[in-house]
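Data first, discussion second: the structure below is written as structure tokens.
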Amino acid sequence: MAKGARRGTAVQDRAEETGFDGPPTKPPGRWSGGRWLVGLGRVVLWVFIAVVIVNGIMIPLRGGFALPADGDEPEQTETVDYPETAAAAFGQRFAEVYLNAEDPGEERLEALAAYVPEGRAADLELPAESLAAENLTVFAVDVENENNAIVVVRAEVNGEAMSLEVPVYSDGGSLVVSGRPALMGPPTRAELPSGSSFETDDAAAQELQEVLPGFFEAYAQEPGHLDRYVEAEASITPLPDHSLEFAELSEITVPSRSTSGEEDVRRVAATVQWALPDPDGDDPGQLTQDYLVTVVATGGEWHVRDIQGSPRSYGE
């Protein structure tokens with residue numbers, strides 16, 4: 001037997017005796033074969049589970065911050081395309097004809113026929129001199145929809161304050177009185193609320209007592225001197241010549257300064273006594289009026305920036 005063969009036989013015999021079949025083989029890699037597909041599937045599965053968990057938590061929370069459902073949304077006021085201005089003028093002209101029945105004849109019926117459907121003017125016939133109205137003015141236009149509205153006309157009817165409610169229909173281009181009008185009581189009078197209190201500046205009021213009388217005198221009688229009292233950039237139109245004469249600045253209220261900038265601007269409430277010119281030279285009467293005067297302190301002096309009627313001088 002050859003030497004190499006004997007060596008191979010000896011090695012084989014030793015392997016059989018010890019149970020050793022040779023050097024260990026390298027195990028397959030983690031991603032070898034089809035194992036990478038299994039790993040990918042596990043990743044996809046965990047991502048899916050994570051998405052389900054996150055949505056399960058966030059959707060209820062998100063619902064708490066979501067906009068209300070359609071049924072819970074507050075109603076939005078739709079813009080109604082109704083010709084209010086035209087209807088107001090139309091309703092007032094109709095009221096002038098309807099509320100004056102000094103002459104209830106054919107002439108009045110013909111005038112009413114221009115405002116009502118054909119053949120309905122006779123429904124509005126009134127006894128002679130039963131109604132007389134003056135000082136008519138439109139108080140409100142109560143729009144119901146794009147075709148219908150009630151024009152409320154205020155008037156003195158037979159010497160008493162009343163309202164006439166006139167139903168006016170619009171087809172988009174034309175108007176017509178759509179039913180009999182209704183006489184109502186006059187509009188109610190509003191109640192003034194209590195005025196807001198504020199701190200006043202007596203020192204500034206004392207200074208303006210020396211300035212504003214001259215301004216009002218120039219405002220009414222000497223417009224050439226207005227520039228002396230008016231702020232340089234401002235423009236104030238004086239009263240017409242010989243319309244009023246300044247008599248007295250009877251009351252002035254100056255609010256405390258509310259800002260701390262370089263410019264000191266105040267809105268001053270002023271009550272002025274005007275003398276009414278009398279061409280006969282007799283003692284003229286007086287007219288009391290309230291103004292809101294905007295003044296600004298520049299260079300240590302007060303100047304007038306603006307003058308207007310007081311928006312509210314009644315009430316506390």
- prompt: Can L126 be reached from V97 by stepping across I, L, V, M, F, W or Y side chains whose heavy atoms are under 4.5 Å apart?
  reply: yes
query: Can you tell me if CZ on R120 sees more than 12 non-hydrogen neighbours from other groups inside 6.0 Å?
result: no
- prompt: Do NZ/NE/NH1/NH2 and the carboxylate oxygens of R228 and E222 come within less than 4.0 Å?
  reply: no
message: With clusters defined by side-chain heavy atoms of hydrophobic residues (ILVMFWY) lying less than 4.5 Å apart, directly or transitively, does V157 cluster with V166?
response: yes
message: Using every non-hydrogen atom in the two residues, find where E156 and N135 come nearest and quote the distance to one decimal.
response: OE2-ND2, 3.3 Å
- prompt: Where do L164 and A95 come nearest, in terms of heavy atoms and distance?
  reply: CD2-CB, 3.7 Å
query: Can you find a heavy atom in the side chain of V268 that is under 4.5 Å from one in the side chain of Y291?
result: no
message: When you group the ILVMFWY residues by side-chain heavy-atom contacts below 4.5 Å and let the links chain together, are Y169 and V152 in the same group?
response: no
task: Indicate yes or no: at least one non-hydrogen side-chain atom of W274 is less than 4.5 angstrom from one of T288.
output: no
field: E207 atom CD, neighbour heavy-atom count above 12 within 6.0 Å
entry: yes
task: Compare all side-chain heavy atoms of P83 with those of F90 and state whether any distance is below 4.5 angstrom.
output: no
- prompt: Is there side-chain contact between Y115 and Y98, with at least one heavy-atom pair below 4.5 Å?
  reply: no
field: Candidate pair Y219 and L239, rule side chain to side chain contact (heavy atoms under 4.5 Å, CB included), full reasoning
entry: CA-CA 6 Å; Y219 182 61; L239 293 173; 3.6 Å; yes
message: Under the criterion side chain to side chain contact (heavy atoms under 4.5 Å, CB included), I'd like the reasoning laid out for E263 against V296: C-alpha separation, chi angles, the key distance, then a yes or no.
response: CA-CA 7 Å; E263 191 177 56; V296 56; 3.7 Å; yes
query: Quick one: CG on L136 to CD on Q92, what's the gap to the nearest 0.5 Å?
result: 6.0 Å
task: For residues E125 and L109, determine if any side-chain heavy atom of one lies less than 4.5 Å from a side-chain heavy atom of the other.
output: yes
field: Nearest heavy-atom neighbours spanning V116 and A121
entry: CG2-N, 3.7 Å
query: Does atom CD of E199 have more than 12 heavy-atom neighbours from other groups under 6.0 Å away?
result: no
field: Pairwise distance CG(D306) to CD(Q308) - rounded to 0.5 angstrom
entry: 5.5 Å
message: Once rounded to the nearest 0.5 Å, what's the spacing between atom OG1 of T253 and atom CG of L292?
response: 10.5 Å
field: Within one Ile-Leu-Val-Met-Phe-Trp-Tyr cluster: V143 and F94, side-chain cutoff 4.5 Å
entry: yes
query: Transitively linked via ILVMFWY side-chain contacts under 4.5 Å: F139 with V153?
result: no
query: Taking atom CG of L287 and atom CG of L244, what is their separation to the nearest 0.5 Å?
result: 6.5 Å
message: Return the CZ to CE distance between R154 and M184, rounded to the nearest 0.5 Å.
response: 14.0 Å
- prompt: Does some side-chain heavy atom of L249 sit less than 4.5 Å from a side-chain heavy atom of Q209?
  reply: yes
task: Kindly give the heavy-atom pair with the smallest separation between V141 and V138, and that separation in Å.
output: CG2-CG1, 4.3 Å
message: Does any part of the side chain of V293, heavy atoms only, come nearer than 4.5 Å to the side chain of W302, both counted from C-beta?
response: no
query: More than 12 non-hydrogen atoms from neighbouring residues, nucleotides or ligands closer than 6.0 Å to CD on Q289, yes or no?
result: yes
field: Working for side chain to side chain contact (heavy atoms under 4.5 Å, CB included), residues I236 and Y229
entry: CA-CA 10 Å; I236 293 179; Y229 301 97; over 6 Å; no
- prompt: Among side-chain atoms of D290 and T271, is any donor-acceptor pair under 3.5 angstrom?
  reply: yes
message: So does F246 get a backbone contact from the side chain of Q221, meaning a donor-acceptor N/O pair under 3.5 Å?
response: yes
field: Rounded distance (nearest 0.5 Å) linking atom CD of E84 with atom OG of S170
entry: 11.0 Å
query: Does the side chain of V168 reach to within under 4.5 Å of the side chain of V176, using non-hydrogen atoms?
result: no
- request: Compare every heavy atom of A247 with every heavy atom of A275, then report the nearest pair and how far apart it is.
  value: N-CB, 4.2 Å
task: Give a yes or no answer on whether the side chain of R266 reaches the backbone of V295 with a donor-acceptor pair at less than 3.5 Å.
output: no
message: Determine whether a donor-acceptor pair (N or O, by modelled atom type, separation under 3.5 Å) exists between the side chain of S163 and the backbone of G185.
response: yes
query: Where is the tightest heavy-atom contact between A205 and I252, given as atom of each residue plus distance?
result: O-CD1, 4.4 Å
- request: Might you confirm whether atom CG of D81 has over 12 heavy atoms from other residues, nucleotides or ligands at distances under 6.0 Å?
  value: no
